[in-house]
Amino acid sequence: MTPKPNAKADIPSYDVLILGAGFSGMYSLIRCRELGLRALVVERAAEVGGTWYWNRYPGARCDIESVDYSYSFSDKLQQSWRWSERFAAQPEILSYAKHVADRFDLRRDIAFNTSLRSAAFDEVTDTWNFETDAGELYQSRFFMMATGPLTKMKVPDIPGIEDFQGQMIHTARWPEEGCDFTGKTVAVLGTGSTALQAIPRIAQDAEHLFVLQRTPAFSMPARNRPFTEAEVAEVRRTYGERRALARTTESGVPVHPPTKSAHEMTSEERERAFEAGWANGGLSALSAQYTDYFTDAEANEFAADFARRQIREIVKDPVTADALCPTDYPIGTRRTCVDTGYFETYNRDNVTLVDLRKTPLVGFTGSGFRTSTESIDIDVLVLATGFDAITGGFTDLDVRGVNGSLLRESLLRSPIVYLGVACSGFPNLFLVNGPGSSAPLSNFMTTLEQSVEWITDLMAHSIAVGATRVEATSDAQISWADHVADSANQTLYPRARSWYNGDNIEGKPRVFLAYVGGVGTYRKKCEEVARSGYIGFDINVDASLAASAAR
Ligand code: NA7
């Protein structure tokens, strides 16, 4: 397409421009089509899949059960897709995304290999104007940022890192052809969810693996296994009920919540519950056992103590086991990991844990890394250092709203947007599962469907009433941010340094970025706002459009 900067009439124009062809963006396109809205998706990758396109490091897999980490909007789709395992690996999830793209013929409305450089709201025409890196121009009435919470990778600023002459790979940009570790000395920097999945796999092939750990992680065993035909049949039979329940729970998975406090259980009862949870595995192996896991320090410590005992039982070397035991934050307040054989990996002769709290990382050299006590040569450095989470996908791009104000600056001042979807000063812009939504603490597939449906309903409503401009009020945004903060402060979450609080990115304000009220409560609050005629939004009706919409 030839850009024609001065010929606005020739600029391709849409009702909605959707940024990102991950699961949120794909469903946004499907919903827009259903509502008769002309939509274009802009995607920097060559394929659909979003986070599952980029994060193809060894061991990458979902830590929500696959039958629940999938779209629920089409019964035909969920009845026809067969997940092979309890927790699907990245290639299978990417195949699923491609299958959805084929089945719903999505690619014809997706501009792949296209990066937006800027988006600017035109206050005269109430439209968004876009420019891509290649200089192409687009315009649209609405702009949906479906950029995902784990998009902008974090590359740590560590002295000498740019001097390292070996191979350096960030897990979120794994080479498509893979990486052969045979005969190589490898260092993995980081021990979050990503590293815990990758480390056991890398250790199998590497000559030697050094794990550079600053903060140890709590991790639950996945107990992953293939699905039997009987299980598949049962899930298909009960899919409707599973999905309905998932939409009402705190975490967006179909599990009935616990009813008892930890203090209403004897220590034997708690131990039995933990043992059963640990044997079954999965993210909520311990957290699902009682009601006050995230709110009561003593109740939380019961579970933390159990998890630490499991580490000490698995890891043979007591010094290593000790270093792997988290002690300075409540369990669950940093994202709990789910692993397959992570702690067992430290019993291998070719794996060394480098405890950066005891021997801090001084920096990198041309040939390896240096701590306060030693220098080690390595061939490959794997950065499993995470993301500028939740806000990074929204602040990366130059987005200008009313009076040319920058979204990046607005989110730096006050990161929580109204209902997690709309930011005052940025009319007709919607953030799918943005800061202040329940998404980061939940099954993302459940929350993205809710978010996309709610946003597209609001767009359809504004078109129906003849509005050209929809904008969250500043008062509504502030009061939602207060509610999000009050809710977080009633839990243990703020006690940990974590990406939930923006702690992992220098200069980011310390604000709890997710709504802890849970998926079901969040959904109800959003529904109430819609029922009220979208209280908290200014919806400017153009009289002539209203008349034509009514005809
Ligand atoms: P995380 O969970 O943010 O983990 C990043 C890891 O990298 C964590 O252990 C960090 O240690 C470590 N890190 C980052 N920077 C440094 C520096 N400068 N020095 C030493 N160590 C560092 O990212 P993941 O990709 O594992 O997981 C993200 C989400 O993806 C996950 O929660 C799931 O929802 C899926 P730190 O904690 O800062 O001490």
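Read the numbers this way: they start at 1 and go in the same order the structure lists the ligands and their atoms. Position 1 is the first residue of the sequence, and the numbers go up from there.
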(message) Does Glu250, at its CD atom, have more than 12 non-hydrogen atoms belonging to other residues, nucleotides or ligands within less than 6.0 Å?
(response) no
(message) Taking CD in Glu506 as the centre, count heavy atoms belonging to other residues, nucleotides or ligands within less than 6.0 Å. Is the count above 12?
(response) no
(message) Using side-chain heavy atoms (C-beta onward) and a distance below 4.5 Å, is Lys152 in contact with Thr391?
(response) no
(request) Report yes if the side chains of Phe87 and Leu283 come closer than 4.5 Å at any heavy-atom pair, otherwise no. (result) no
(message) How close do Val41 and Gly25 get, counting heavy atoms only, and between which atoms?
(response) CG2-O, 4.3 Å
(message) Looking at every heavy atom in both Arg357 and Pro216, which two are closest together, and how far apart are they?
(response) NH1-CD, 3.9 Å
Over 60° means perpendicular and under 30° means parallel, so classify the ring planes of [Y] and [X], tilted if in between.
X: Phe364; Y: Phe369; answer: perpendicular
X: Phe73; Y: Tyr71; answer: perpendicular
X: Phe512; Y: Tyr493; answer: tilted
X: Tyr96; Y: Trp81; answer: perpendicular
X: His208; Y: Phe210; answer: tilted
X: Trp278; Y: Phe306; answer: perpendicular
X: Trp174; Y: Phe181; answer: tilted

Any atoms of ligand 1 less than 4.0 Å from a non-hydrogen atom of [X]? List them with their elements.
X: Leu189; value: 20 (C), 21 (N)
X: Thr194; value: 24 (P), 25 (O), 26 (O), 27 (O)
X: Gly190; value: 6 (C), 7 (O), 9 (O), 12 (C)
X: Thr215; value: 36 (P), 37 (O), 39 (O)
X: Lys154; value: 14 (C), 15 (N)

Hey, looking at [atom], which of [options] has the closest heavy atom?
atom: atom 9 (O) of ligand 1; options: Thr191, Thr51, Val155, Ile64; answer: Thr191
atom: atom 18 (N) of ligand 1; options: Ala172, Ala198, Ala217, Pro156; answer: Pro156
atom: atom 32 (O) of ligand 1; options: Glu506, Gln197, Arg335; answer: Arg335

Give the residue and atom name of whichever protein heavy atom lies nearest to [atom], and the separation in Å to one decimal.
atom: atom 4 (O) of ligand 1; value: Gly192 CA, 3.6 Å
atom: atom 13 (N) of ligand 1; value: Thr385 CG2, 3.9 Å
atom: atom 23 (O) of ligand 1; value: Gly386 CA, 3.1 Å
atom: atom 38 (O) of ligand 1; value: Arg214 NH2, 2.8 Å
atom: atom 3 (O) of ligand 1; value: Trp499 CD1, 3.4 Å
atom: atom 33 (C) of ligand 1; value: Ser193 OG, 3.7 Å
atom: atom 6 (C) of ligand 1; value: Ala384 O, 3.3 Å

Would one find an N or O of [X], backbone or side chain, under 3.5 Å from an N or O of ligand 1?
X: Arg334; value: yes
X: Asn504; value: no
X: Arg497; value: no
X: Ile158; value: no

(request) Check each heavy atom of Leu150 against ligand 1 and say whether those closer than 4.0 Å belong to the side chain, the backbone, both or neither. (result) side chain
(request) Flag atom 16 (C) of ligand 1 as yes if some protein heavy-atom distance to it falls below 4.0 Å, otherwise no. (result) yes
